[in-house]
Amino acid sequence: MENLTDNSTINQNGTGERFDIDAVVWMYLPTVVTVPLAVPANALVIRLLMGKPGICSTSEIFILNLALFDMLFCFMNLVEYFLFLGNRTMEAANFQAWGLNQAGGPMLLCLLSLDSYVAVCHPLVFLRLKDPKLRLSLCFAVSVITAVCCLMVKVAFKYTMYLIIVVLSGAIVTISTCNILILKSLCQSGPGRKEVHPVKKRAFKTVLTMLVLVNVHYLPPLCEFLAKEFGPSQFRPFSFLTCLTYTALSMSSFVQPLCYLVRTNQLPKMRCDRGSAAQAKTVATV
């Protein structure tokens, strides 16, 4: 494929639509600035979860896989951006890293929400589904689908967008439905019960967090995809809206692990451990 200069344009999928190469460079630049922030957060989540016994039989196996996807996305996004700067072609402009963020992330969040829904609304069924092989199989299936999406980015970009639209739509609908059903279950906790069970509280926080994250990070790109496909020509192929949606997507790789650390009270523990370690070091020095 022909290399392009800074002031040239690229033909998109042979449809006659063309865009300025500088627009692509500046569109991806905010994501390159934000993704390094996600590396330490995801590394900490991975370290914490890998040290837990029997994690494969809990819903946190999905969080672990999500952190691995986010970590891989950060590194791939940086590498592909610098490769794109050196080889400004249409093929190089389609980053495979976004398959991890647009397909793998939403599917794992769906599994996490479904797991929380079954735990709250169908506890007996949940006890039967604690076999680690089930969750490992689901994670493997998500990894395979995500790998296919990443490969399709280079060979069939247009069809990949249609697939991602389906994935994002399904994620938003599934997580919203789970949240509504859990709220309904909490409202029917039983007569005379003043406090909600702690397990249900944790499940509610998890699903509610997933609902907010999906709407903030994945709803804008879904709307942007639909606008590019069915909207006016101002939205095609790239616009200021595209820059905002990709920035929101990249921020998910940082916000999601941070929310997990806050929800599990790991950040206060880390601060206390650091303070204790610093105090012990000071005493030892004295």
Side-chain angles (χ1 to χ4, degrees), residues 24 27-43 45-46 62-84 92-113 139 141-172 174-175 209-226 228 238 241-260:
V24 186
M27 185 197 71
Y28 285 137
L29 184 60
T31 67
V32 177
V33 175
T34 55
V35 292
L37 300 175
V39 174
N42 284 288
V45 172
I46 294 171
F62 303 128
I63 300 177
L64 175 61
N65 279 265
L66 182 61
L68 291 172
F69 277 6
D70 287 337
M71 180 75 79
L72 185 59
F73 163 75
C74 294
F75 291 117
M76 287 182 60
N77 190 69
L78 292 174
V79 171
E80 289 187 296
Y81 182 78
F82 289 112
L83 290 177
F84 170 66
N94 297 329
F95 287 9
Q96 288 181 305
W98 291 110
L100 295 167
N101 199 283
Q102 296 173 337
M107 286 189 290
L108 288 172
L109 292 177
C110 276
L111 293 176
L112 181 61
S113 298
C139 292
V142 170
S143 300
V144 171
I145 297 173
T146 304
V148 171
C149 291
C150 292
L151 293 175
M152 286 179 61
V153 169
K154 295 296 185 183
V155 298
F157 181 76
K158 184 177 180 180
Y159 296 106
T160 305
M161 290 298 100
Y162 293 145
L163 179 59
I164 290 176
I165 287 175
V166 173
V167 171
L168 291 178
S169 301
I172 294 172
T174 301
I175 296 174
T209 302
M210 295 306 104
L211 176 66
V212 174
L213 291 178
V214 164
N215 282 277
V216 171
H217 298 302
Y218 299 118
L219 188 59
L222 175 61
C223 296
E224 195 251 342
F225 290 151
L226 295 175
K228 285 165 62 176
F238 290 98
L241 179 62
T242 307
C243 180
L244 293 179
T245 56
Y246 275 77
T247 303
L249 277 171
S250 65
M251 287 298 296
S252 66
S253 61
F254 169 71
V255 175
Q256 288 167 356
L258 186 62
C259 288
Y260 171 78

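What you see below is based on every heavy atom in this structure, not just the backbone, and it leaves out hydrogens, waters and symmetry mates.
At a threshold of 4.5 Å between non-hydrogen side-chain atoms, the residues Val39 and Phe75 count as touching. Taking the side chain as every heavy atom from C-beta outward, Leu78 and Cys74 never approach each other to under 4.5 Å. Leu168 is listed as a side-chain neighbour of Phe225, based on a closest heavy-atom distance under 4.5 Å. Taking the side chain as every heavy atom from C-beta outward, Cys139 and Phe62 approach each other to under 4.5 Å. Residues Ser252 and Asn101 meet the side-chain proximity criterion, which asks for heavy atoms closer than 4.5 Å. Inter-residue side-chain proximity for Met152 and Val148 is flagged as met; some heavy-atom pair is nearer than 4.5 Å.
Contact detail for Gly170 and Cys110: the closest heavy-atom pair is O-SG, 4.1 Å. Here the shortest heavy-atom pairing between Pro220 and Thr245 reads O-CG2, 3.5 Å. Leu222 and Ser169 get closest at one heavy-atom pair: CD1-OG, 3.5 Å.
If you take CE on Met161 and CD1 on Ile165, they are separated by 8.0 Å, rounding to the nearest 0.5 Å. Taking CG of Leu244 as the reference point, atom CG of Leu249 lies at 11.5 Å (rounded to 0.5 Å). Atoms CE and CG, from Met251 and Leu37 in turn, are 7.0 Å apart once rounded to the nearest 0.5 Å. Taken to the nearest 0.5 Å, the OG atom of Ser253 stands 11.5 Å off from the CG atom of Leu258. Atom OH of Tyr260 and atom CG of Leu64 lie 9.0 Å apart (nearest 0.5 Å). The CG atom of Leu108 sits 5.5 Å away from the CZ atom of Phe69 when rounded to the nearest 0.5 Å.
Among the candidates Val167, Ile172, Val142, Thr174, the single residue satisfying the side-chain contact (heavy atoms from CB on, under 4.5 Å) test with Pro106 is Val167. When each of Asp70, Thr34, Asn77 is paired with Ser250, the side chain to side chain donor-acceptor pair (under 3.5 Å) condition holds for Thr34 and for no other.
Under the side-chain contact (heavy atoms from CB on, under 4.5 Å) criterion, Phe82 pairs with Leu85, not counting sequence neighbours.
Between Trp98 and Tyr28, the ring-plane angle classifies as parallel under the 30° and 60° cut-offs.
In terms of modelled atom types and a separation under 3.5 Å, the side chain of Glu80 and the main chain of Ala97 share a donor-acceptor contact.
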task = Applying side chain to side chain contact (heavy atoms under 4.5 Å, CB included), run through Phe73 and Gln102 and close with a yes or a no.
result = CA-CA 10 Å; Phe73 163 75; Gln102 296 173 337; over 6 Å; no
